[in-house]
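Below you'll find the structure, written out as C-alpha cells, and then a few comments.
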Amino acid sequence: MPPVVVPQHSILWFRKGLRLHDNPSLLAAIKGATHLYPVFILDPWFLKPDVVGVNRLNFLLDSLTDLRSSLQARGSNLLVLRGNPQEVLPRVWKDWNITRLCFEADTEDYAKERDGKITAAAKESGIEVISCVSHTLYNTRDVVAKNGGKAPLTYKGFEKAIAALGPPEPPAEDPPAKLPPIGADSKGTDSEKTGVPSVRELGYPDEASTDIKGGETEALARLAEQLSDKAWVAAFEKPKGDPTAFIKPATTVLSPHLKFGCLSPRLFYEALQRVYSEKKEHSKPPVSLLGQLLWREFYYVVAAHTPNYHRMEGNPICKQIPWDDNEDFYRAWEESRTGYPWIDAIMAQLRRTGWMHHLARHCVACFLTRGDLYVSWERGRDTFDRWLIDGDSSLNTGNWMWLSASSFFYQYFRVYSPLTYGKKYDPEGKYVKHFLPILKDYPAKYIWEPWKAPLKVQEDAGCIIGKDYPAPIVDHDEASKRCIQRMKQAYDCQPGKAAQPVSKPAAKRLGRNMQDGSPMSKRMKRSN
DNA sequence: ACAGGGTTGGTGGA
DNA sequence: TCCACCAACCCTGT
C-alpha cells in the first residue's frame, strides 16, 4: 500500500439505499478518508404533489430522519441539501475540497442520465467516482450477459440466467461504530440548514394519511418480525393471500423499504435462505417470498435494458394497442367513482394509505385497461406511481404492462371480476365499509353490488345509488366481452404480424374435420 | 409445425 | 376442494 499523501475527503451521496447496513458505497467512501460528507439532495424535479404523493414523500423524510440519527450516533451526520444535484454537488465538492464521490448505482432512466453527467463533471474536477451495486441482488448487466446479451422476458429465462450467475453476493459488512467526521470549518454544513424538512416545508398542503413508517430501523424491525413466523414464511404463496386484509396485511409490506433501500435486497435474500434452511419444506419461486424478491430483480433487469420501457410507443416488448383516450373513465377510476365498491375501495385505500394488496392492484389495473374501461396502462401507471409508497418505476411499469396484457402476459381473456374477490374474502364488506364510508350502512347482501339493492334498502342505508354513490360506470359483463374482442383485434394487428383472415381455432377445426380421420376431440363433439 | 407452460380468472358442477 | 369448460393468447424449446 502506498502511503496516503493527500487527505481523502469523501462525499457519500445517498439517493436510494437509505441505510447503513449492506452499503458498499459507504465502505468505499470511508476507506482511508479523513473526512466524510454524507449527503442527500432533495431534487425539486420530483418534489411535486402530482409526481410524488404526500405519503411516499413522508416515508422518504422518515427514512432520512432515521438515517440522520444513525449517522449522528456514529459521530457523523446527514446533510440534507436542496436543489438540482447537477448544480449542488459541484458547488459543495469545491467548498469541501472533495477527492472522492461515492454512491449506489441506479439503473433508472432519470438517474442514469443524471449520474452520467455528474460522474463526468467530477472526473473533470479530478474527483474519484465510485458507484456500487447494492439496490439489486445482481448487476443487471451480468444477468443480461448470461441471457445472451438480451434481457430475459420470461421468469423462467430469468431464473436460468441467475442460476448461471450463482447466488448473489452476501451483504457487505456493517460500517464501523465511528465514522470519519464532517469537516468542521466547511461551508454549508451547519445543522440548522441541513436538517430534514417536513412535508409542509416542502410545499405540500396536507400531512401524510398513512401508518406506514419509513427508515432503516423500521425496516430491520419489520424484517425480523415478519420472518419470525417461520412456518408462515415457509408456506407463503403469493396468490393465496387475502387482498381485503387491511388491519394486518397478508404480505410483508417490506416493499416500501426495498424501494427506498431502507432494507437491502441481499440482506432479505440471506434472511429468507436462513429460514428456508431450517424448514424441511417450503414454497418456491415464483410464488414464494424469495420468488417475490426475484420478480423485483426481473423487472429491474428488463427495465434497465429495454428502450422506451416506460411507454407503449417505441417499446419493443410492448403490444401496440389503440387504447381509448377516455378522460372521464380515467378520472372516475382514479377518484373511486366507478360504482363498483371493490374497485373504488381499493383506489381509496391507495390514496389514503399508499398501499394495497397485490391482487387488489391486479383488479384495479385490469379494470382500467383490458378488463373494462380500455384506458391506457400508462395512465394507471402514473396514478400508482404518484400514490404508492412502494411505487418503484421499473416494477410498476412492468406490472402494468403485465396486467394490461401488453407484455409478459398475454391471456387477455382472463379478466378479473370487480365482484369476486370482495365477495370471496370479505362477505361482510368490512373492507369496503372502511374505505368507502358512504356505504357503511348497506347490508352485506348488497355491499359489493349496491345498485341491486331495492330503493327502500338504499334509503335506509342513507345512500341512493346514482346520487350519493355512482351507478356502475359500465356493465362489467358487456364491457369485458367487448374489451376481449378489441384485444383480439389489437393482437391481430401488431406490426410484423401477418393478417389472419380466419381465426386459428376455426382453421384448426376446419382442417381436422376435412383432412384427417383422427378422432374428434371432446371440444369438437360438443361444438358439433 | 407443434406441444407445453405460463406467479394469482370466472363459472358451474360434483 | 377439485375438476372441466369458456375461448384461445404468446413464448420457448424441440
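Letters A, B, ... are given to chains in the order of the sequence lines, protein chains preceding strands, and every chain is numbered from 1. Computed from a predicted structure; not experimentally measured.
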Determine the interatomic distance between [atom1] on [N] and the same-named atom on [M]; round to the nearest Å.
N	M	atom1	result
dT7(B)	dT1(C)	P	24 Å
dG6(B)	dA8(C)	P	23 Å
dG5(B)	dC3(C)	P	16 Å

Taking atom CH2 of Trp377(A) and atom CG of Asn396(A), what is their separation to the nearest 0.5 Å?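 Rounded to the nearest 0.5 Å, the CH2-CG separation comes out at 9.5 Å.
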Can you list every side-chain hydrogen bond (donor to acceptor under 3.5 Å, both in side chains) pair that touches residues 159-172 of chain A, not counting sequence neighbours?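 Residue pairs with at least one partner in residues 159-172 of chain A: there are none.
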d([atom1], [X]; [atom2], [N]) in whole Å:
X	N	atom1	atom2	answer
Trp402(A)	dC10(C)	CH2	P	16 Å
Gln411(A)	dG4(B)	CD	P	16 Å
Tyr410(A)	dC11(C)	OH	P	5 Å
Leu403(A)	dG6(B)	CG	P	19 Å
Phe408(A)	dC9(C)	CZ	P	21 Å
Tyr412(A)	dC10(C)	OH	P	7 Å
Leu395(A)	dT7(B)	CG	P	15 Å
Gln320(A)	dC9(C)	CD	C1'	17 Å

Got a sec, which residues hit ring pair (Phe, Tyr, Trp, His ring centres under 6.0 Å) with [X], two or more places apart in sequence or on another chain?
X	answer
Phe46(A)	none
His135(A)	Tyr300(A)
Phe59(A)	His257(A), Phe260(A)
Phe384(A)	Trp400(A)

Non-hydrogen side-chain atoms of Asp426(A) and Trp448(A) separated by less than 4.5 Å: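 With C-beta onward as the side chain, the pair touches.
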Please determine if Arg379(A) forms a cation-pi arrangement with Tyr330(A), meaning its NZ or CZ atom is less than 6.0 Å from the six-membered ring centre and no more than 45° off the ring axis.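 Positive - Arg379(A) is close enough to the ring of Tyr330(A) and near enough to its axis.
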Considering only heavy atoms, which members of residues 294-319 of chain A lie under 4.0 Å from some atom of DNA chain B?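 Contacting residues: Trp295(A).
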Got a sec? Which of residues 264-293 of chain A come in under 4.0 Å of DNA chain B, heavy atoms?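 The answer is Pro286(A), Val287(A), Gln292(A).
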Measuring from the side chain of Lys238(A) (C-beta onward, heavy atoms only), which nucleotide among dC10(C), dC11(C), dT8(B) has the closest atom?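 My answer, after comparing the listed nucleotides, is dT8(B).
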Answer yes or no: does a side-chain N or O of Lys156(A) lie under 4.0 Å from OP1 or OP2 of dG5(B)?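 Checking dG5(B) against Lys156(A), no side-chain N or O comes under 4.0 Å of OP1 or OP2.
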Does OP1 or OP2 of dG13(C) have a side-chain N or O of Lys160(A) closer than 4.0 Å?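 Indeed, a polar side-chain atom of Lys160(A) lies that close.
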Show, in sequence, the C-alpha distance, side-chain angles and deciding distance for Phe236(A) and Trp232(A), and conclude whether the ring pair (Phe, Tyr, Trp, His ring centres under 6.0 Å) test is met. CA-CA 6 Å; Phe236(A) 183 95; Trp232(A) 180 80; 5.4 Å; yes
Quick check: are there more than 12 heavy atoms from other residues, nucleotides or ligands sitting under 6.0 Å from CD of Glu278(A)?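 Above 12, so yes.
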Anything under 3.5 Å between a donor and an acceptor, one on a side chain of residues 455-465 of chain A, the other on a protein residue two or more places apart or in another chain? List them.
residue	atom	partner	partner atom	Å
Lys456(A)	NZ	Asp460(A)	OD1	3.3
Lys456(A)	NZ	Asp460(A)	OD2	2.9
Gln458(A)	OE1	Ile465(A)	N	2.9
Gln458(A)	NE2	Ala453(A)	O	2.8

Under 4.0 Å, heavy atoms only, any strand: does Lys423(A) hit a base, just the sugar-phosphate, or nothing?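 Here Lys423(A) touches no strand at all.
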Dot-bracket for DNA chain B, please. Rules: Watson-Crick or G-U, both distances under 3.5 Å, ( ) within the strand, [ ] when a pair crosses earlier ones, | for another strand, . otherwise. ||||||..||||||
Tell me whether the rings of Tyr299(A) and Phe408(A) are parallel (<30°), tilted (30 to 60°) or perpendicular (>60°).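 Ring orientation, 0 to 90° scale: perpendicular.
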When you check every protein heavy atom under 4.0 Å of nucleotides 9-14 of chain B, what one-letter string (B, S, -) results, 5' to 3'? BSS---
Closest heavy-atom pair and its distance - Gly429(A), Ile447(A):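 Of all heavy-atom pairs spanning Gly429(A) and Ile447(A), the closest is CA-CG2, 3.9 Å.
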Sequence neighbours excluded - salt bridge (Lys or Arg N to Asp or Glu O under 4.0 Å) pairs with any residue from residues 306-320 of chain A: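 Not a single pair qualifies under salt bridge (Lys or Arg N to Asp or Glu O under 4.0 Å).
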Ignoring hydrogens and angles, write down the donor-acceptor pairs under 3.5 Å from the side chains of residues 346-354 of chain A, residues two or more places apart or on other chains.
residue	atom	partner	partner atom	Å
Gln349(A)	OE1	Tyr431(A)	OH	2.7
Arg351(A)	NH1	Glu334(A)	O	2.7
Arg351(A)	NH1	Ser336(A)	OG	3.1
Arg351(A)	NH1	Met347(A)	O	3.4
Arg351(A)	NH2	Ser336(A)	OG	3.3
Arg352(A)	NH2	His434(A)	O	3.3
Thr353(A)	OG1	Gln349(A)	O	2.8
Thr353(A)	OG1	Trp355(A)	N	3.3
Thr353(A)	OG1	Trp355(A)	O	3.0

